[in-house]
Amino acid sequence: NIVLSGGSTMFPGYPTRISKDLHNIFKEKVMKGKDYEHHIKICVKDSFRRKHSVFTGGSVLTQLSGIHWITKAIYDEEGEK
């Protein structure tokens, strides 16, 4: 399953193109060009809200109480804990 999000995924035909490309990559890289009998289902989800889903996810993430945010300067100074 692939979930599309962000404004650039709103181009007409983008979900169809991604699906076709993934099928071609699967046939080329995994099946090495052989025909395959089993049915592989590649599911590309393209919600009508995907234009704003990155912002929505980020705003939800910032409201979680179990996550502690630090600046890059603090990380550079103290490192990973």
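Lys29 meets the salt bridge (charged side-chain N to carboxylate O under 4.0 Å, His left out) test with no other residue; sequence neighbours excluded. Taking the salt bridge (charged side-chain N to carboxylate O under 4.0 Å, His left out) definition, one finds that Glu78 meets it with Lys81, sequence neighbours left out. The side-chain hydrogen bond (donor to acceptor under 3.5 Å, both in side chains) check on Asn1 picks up nothing, with sequence neighbours excluded.
Grouped with Ile70 in one hydrophobic cluster are Ile74, Tyr75, the linkage being side-chain heavy-atom contacts under 4.5 Å among Ile, Leu, Val, Met, Phe, Trp and Tyr residues. Here Val54 sits alone; no ILVMFWY side chain lies under 4.5 Å from its own, so it joins no hydrophobic cluster.
Applying the salt bridge (Lys or Arg N to Asp or Glu O under 4.0 Å) test to every pair with at least one member in residues 58-73, sequence neighbours left out, gives these pairs: Lys72-Asp76.
Linking ILVMFWY side-chain heavy atoms closer than 4.5 Å, directly or via other members, places Ile42 and Val30 in a single hydrophobic cluster.
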Would you mind writing out the side-chain donor-acceptor pairs for residues 7-22 within the sub-3.5 Å range, not counting sequence neighbours?
from, atom 1, to, atom 2, distance (Å)
Thr9, OG1, Gly6, O, 2.6
Thr9, OG1, Arg50, NE, 3.1
Arg17, NE, Asp21, OD1, 3.4
Arg17, NE, Asp21, OD2, 3.0

